[in-house]
Amino acid sequence: MAEEKAPSGEKTPSYEQAREELTEVVRRLETGGLTLEQSIELWERGEKLAAVCEEWLQGARVKLAAAMARRSDPSSGAAHDAPF
């Protein structure tokens, strides 16, 4: 999922970018002083960023599981002393 285009035309941020922006969204919501409309907009942005992070993490889990399966499969020809 490297910098794919989202349906709205914007690029999907990297995991690190999404996590950093999500942290900022949470900070701003916790600080308060926003109008209800601003708070709702931030909340919605936070939900989207959380979904992006979850998508990245799920992709990493799949890749790790595949690597672990190849490592434990003796017919794969992979060296068993290599970490991946």
Side-chain angles (χ1 to χ4, degrees):
M1 186 182 150
E3 296 291 325
E4 298 170 0
K5 289 262 185 176
S8 62
E10 64 188 46
K11 286 187 176 180
T12 300
S14 70
Y15 171 78
E16 291 78 9
Q17 290 167 331
R19 186 189 66 215
E20 187 175 315
E21 187 179 345
L22 180 56
T23 300
E24 179 61 20
V25 165
V26 170
R27 187 196 63 73
R28 288 184 62 200
L29 286 169
E30 288 178 343
T31 301
L34 302 168
T35 66
L36 178 59
E37 187 171 328
Q38 290 170 324
S39 295
I40 291 171
E41 286 177 14
L42 275 176
W43 178 270
E44 290 172 342
R45 180 63 182 159
E47 287 291 327
K48 289 177 184 176
L49 291 165
V52 168
C53 288
E54 183 57 36
E55 188 176 336
W56 275 107
L57 290 172
Q58 185 60 31
R61 286 183 197 106
V62 168
K63 288 179 181 180
L64 181 58
M68 297 291 283
R70 282 192 307 271
R71 184 173 181 217
S72 65
D73 182 8
S75 66
S76 71
H80 289 286
D81 57 347
F84 292 104

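The structure displayed is predicted, hence computed values, not measured ones.
By the 6.0 Å contact criterion, CD on E16 is enclosed, its count of non-hydrogen atoms from other residues, nucleotides or ligands being greater than 12. For R28, the CZ atom counts as loosely surrounded, since its 6.0 Å shell holds 12 or fewer non-hydrogen atoms of other residues, nucleotides or ligands.
We find the CD-OH distance between E54 and Y15 to be 9.5 Å, quoted to the nearest 0.5 Å. How far SG of C53 is from NZ of K48: 14.5 Å, rounded to the nearest 0.5 Å.
Of all heavy-atom pairs between L22 and L49, the closest is N-CD1, 3.7 Å. Here the closest non-hydrogen pair linking P13 and W56 is O-NE1, 3.0 Å. Residue L29 comes nearest to S39 through the heavy atom pair CD2-O, 3.7 Å, listed as atom of the first residue, atom of the second, then distance.
Contacts of E44 classified as side-chain contact (heavy atoms from CB on, under 4.5 Å), with partners at least two apart in sequence or in another chain: I40. Shown here are the side-chain contact (heavy atoms from CB on, under 4.5 Å) partners of E30, two or more places apart in sequence or in another chain: V26. With sequence neighbours left out, the side chain to side chain donor-acceptor pair (under 3.5 Å) criterion links E41 to no other residue. Under the side chain to side chain donor-acceptor pair (under 3.5 Å) criterion, T31 pairs with no residue at all, not counting sequence neighbours. For R45, the side chain to side chain donor-acceptor pair (under 3.5 Å) partners two or more places apart in sequence, or in a different chain, are E21. When the side-chain contact (heavy atoms from CB on, under 4.5 Å) test is applied to E47, the partners found at least two apart in sequence or on another chain are W43. The side chain to side chain donor-acceptor pair (under 3.5 Å) test applied to E24 returns R27, not counting sequence neighbours.
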